[in-house]
Amino acid sequence: MEQRHLGRTGLRVSRIGLGTLTWGRDTDEHDAADLLKAFWEAGGTLVDTADVYGDGESEYLLGRLIEGLVPRRDLVISTKAGSVPDPDRRFDGSRGHLLSALDASLARLGTEYVDLWQVHAYDPGTPLDETLQALDIAVSSGRARYAGVSNFCGWQLAKAGTWQLSVPGARTRLASTQMEYSLLQRGVEREVLPAALDLGIGLLPSSPLGRGVLTGKYRSGTPTDSRGGSDHMAPFVEPYLDEAAGHIVDAVATAADGLAVTPLQVALAWVRDRPGVAAPIVGARNAQQLTEALSVEALSLPDEICQALDDVSAPVHRYPDQDWSTL
C-alpha cells in the first residue's frame, strides 16, 4: 500500500487507515484479529483508536493483538483523549486529564509510546494553550511521537496550528486533524481543509463511506445486520438517509456500474485522493468488508467521474467562505 507523509512532518502512514471504533463492543477479538492481520498483510500501517472506544476495550484489544499477532514496529498507532462520559461536560481538554488519559491508554495498549496522539475535541472550558501544552509534554517526554487534534472547526484549528508554530522548536507542530469527510459530508471544505492545507496539517477523514450509506446497502431499506439496523448505531446512520443523500448515493452507484467496481470503492477512492487528505479511516466490521476497502488501492477515478461526483455532492459556499468580490 502506498505511504503518505502526514501533513508537513516526516511521519509516513498508509493511505488507508484501520478504525477500531467497534472493537471490544460489536467486534470481538477473533474478528479484530482477522481485520488487523488482513490490514497488515496488505501493507497497512495506520491503526486508529481512542480511549473512549468500547470504554477502553478497543485499546486493550489492540494491545493484545500487537503483542502476539503483528509486530509493534510495523504499525503507526494513533489514539485520542479528551472525550469524557459526563453529560455536563462532554470534553475535558485540561492538561491534567489529557496526560492522565494518555498514561492509561499506554497501559491498555501495552506500549511505551503512541505514534500519533490527538485531542479528541475542542474544550471551550479549558484555555487552548493549556490543552496544547499537554501535546508538547507528551512528545517531549517520549510518550507520543507526533500530535494532532480532532473535531476542531476552522477557526479552532487555525488558532491551534498557528500557536504551535509560533515558537519553533519549543512547541510540537500539529501533524493531523481527524474529521468526518465523505461525499455525504463535505463541510470541512469550507474552512477546516483550507486551514489544514495552509498550516501543513494532514487530514484523516473519519466515516469516509458516509457512515456506511455510500456503500449502497440502504438504497432498498435498512438491513437488519447493518449499523443502521442496530439500536445503538441507528441514530448515527439516520441523518444520511434523507432524499438529498439518496441522490448522491445513486450517483455513486451509477459511477460504480460504469467502472465495473463497487460503490464502496468509488466513494473511498474519491475521498482518499482529495487535496490535503493523508488517509481515510475505514471502520470495517469484518474481514470481507476490509478486503473490499483495501482493493481500492488499484483504483483511480477518471477526472470526469470525479467532477460528476463533485457536482452532485457540492456543499453550499457563501459569504464568508469564498472571495467576497465574487458575490
Side-chain angles (χ1 to χ4, degrees), residues 6-7 17 19-25 46-60 62-63 76-109 111 113-164 171-181 188 192 195-196 199 201-207 236 281 283:
L6 184 58
T20 65
L21 172 65
T22 62
W23 286 24
R25 187 184 61 192
L46 177 62
V47 182
D48 178 74
T49 188
D51 62 348
V52 293
Y53 291 175
D55 294 328
E57 286 299 312
S58 174
E59 289 181 328
Y60 179 69
L62 177 58
V76 176
I77 296 177
S78 168
T79 195
K80 298 176 282 292
S83 291
V84 292
D86 184 342
D88 296 322
R89 183 182 189 180
R90 293 183 58 200
F91 309 113
D92 187 346
S94 66
R95 182 174 56 242
H97 171 78
L98 291 176
L99 292 174
S100 294
L102 176 57
D103 289 338
S105 288
L106 294 175
R108 285 188 292 268
L109 289 164
T111 183
Y113 69 94
V114 290
D115 299 279
L116 176 65
W117 188 48
Q118 300 178 111
V119 178
H120 210 153
Y122 182 84
D123 174 17
T126 299
L128 182 59
D129 59 315
E130 178 183 337
T131 295
L132 296 173
Q133 188 183 35
L135 301 181
D136 299 334
I137 294 171
V139 172
S140 64
S141 66
R143 287 177 278 179
R145 297 291 191 253
Y146 294 86
V149 296
S150 174
N151 298 308
F152 276 41
C153 71
W155 73 263
Q156 293 164 353
L157 179 65
K159 183 177 180 181
T162 302
W163 176 266
Q164 291 304 98
R171 295 176 186 157
T172 299
R173 165 190 286 272
L174 295 185
S176 65
T177 180
Q178 188 167 333
M179 300 288 292
E180 184 170 351
Y181 187 28
V188 297
V192 172
L199 292 163
I201 298 170
L203 179 63
L204 298 174
S206 58
S207 296
F236 181 67
I281 307 298

Taking it one step at a time, do Y181 and L203 satisfy side-chain contact (heavy atoms from CB on, under 4.5 Å)? CA-CA 9 Å; Y181 187 28; L203 179 63; 3.7 Å; yes
Verdict with reasoning, L204 to L116, per side-chain contact (heavy atoms from CB on, under 4.5 Å): CA-CA 12 Å; L204 298 174; L116 176 65; 3.9 Å; yes
Test side chain to side chain donor-acceptor pair (under 3.5 Å) on D136 and Q164; report intermediate values, then the result. CA-CA 9 Å; D136 299 334; Q164 291 304 98; 2.9 Å; yes
Could you check R95 against Q133 for side chain to side chain donor-acceptor pair (under 3.5 Å), going step by step and ending with a plain yes or no? CA-CA 7 Å; R95 182 174 56 242; Q133 188 183 35; 2.5 Å; yes
Go through H120 and N151 one step at a time and tell me if the side-chain contact (heavy atoms from CB on, under 4.5 Å) criterion holds. CA-CA 7 Å; H120 210 153; N151 298 308; 3.9 Å; yes
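Summarising the geometry of T177 relative to A196, their closest heavy-atom pair is CG2-CB, 4.3 Å, with the distance given to 0.1 Å. Nearest heavy atom pair, residue S94 against residue T126, reads N-OG1, 3.6 Å. Among all heavy-atom pairs drawn from G161 and I201, the shortest one is CA-CD1, 4.4 Å. Between A147 and T172 the shortest heavy-atom distance is CB-CG2, 4.1 Å. Of all non-hydrogen atoms in L157 and A195, the two that sit nearest each other are CD2-CB, 4.2 Å. When every heavy atom of R108 is checked against every heavy atom of G56, the shortest pair comes out as CD-O, 3.3 Å.
The side-chain heavy atoms of F152 and L128, taken from C-beta on, include a pair separated by under 4.5 Å. Within the 4.5 Å cutoff, side-chain heavy atoms of L46 are placed close to those of I281. Within the 4.5 Å cutoff, the side chain of Y146 has no heavy atoms near those of the D115 side chain. In this structure the side chain of S176 reaches within 4.5 angstrom of the side chain of Q118, judged on heavy atoms. The closest side-chain heavy-atom distance from D129 to W163 is below 4.5 Å. Considering only heavy atoms from C-beta on, V119 comes within 4.5 Å of L135 through its side chain. A heavy-atom distance below 4.5 Å is found between the side chains of L62 and L109. Side-chain contact between R145 and V114 is absent, with no heavy-atom pair separated by less than 4.5 Å.
The number of heavy-atom neighbours closer than 6.0 Å to CG of D55, taken from other residues, nucleotides and ligands shown, is 12 or below. For Y122, the OH atom counts as densely surrounded, since its 6.0 Å shell holds more than 12 non-hydrogen atoms of other residues, nucleotides or ligands.
Taken to the nearest 0.5 Å, the CE atom of M179 stands 7.5 Å off from the SG atom of C153. With values rounded to the nearest 0.5 angstrom, L98 atom CG is found 10.0 Å from I137 atom CD1. Here the CD atom belonging to Q178 is positioned 5.5 Å from the OG atom belonging to S206, to the nearest 0.5 angstrom. Separating the CD atom in E57 from the OH atom in Y53 is a distance of 15.5 Å, to the nearest 0.5 Å.
Counting only N and O atoms by type, the side chains of E59 and T79 include a donor and acceptor under 3.5 Å apart.
For K80 (side chain) and S150 (main-chain N/O), no donor-acceptor pair under 3.5 Å exists by modelled atom type. A donor-acceptor contact shorter than 3.5 Å links the side chain of T20 to the backbone of D48. The backbone N or O of G54 sits nowhere less than 3.5 Å from a side-chain atom of S58 that would complete a donor-acceptor pair. No donor-acceptor pair closer than 3.5 Å links the side chain of D51 to the backbone N or O of A104. Remark: the backbone N or O of H97 is not paired with any side-chain donor or acceptor of S100 at under 3.5 angstrom. Side-chain atoms of D123 come within 3.5 Å of backbone atoms of G93 as a donor-acceptor pair (strictly under, hydrogens ignored).
For R143 and W117, the positive end is not near the middle of the six-membered ring at less than 6.0 Å and at most 45° from its axis.
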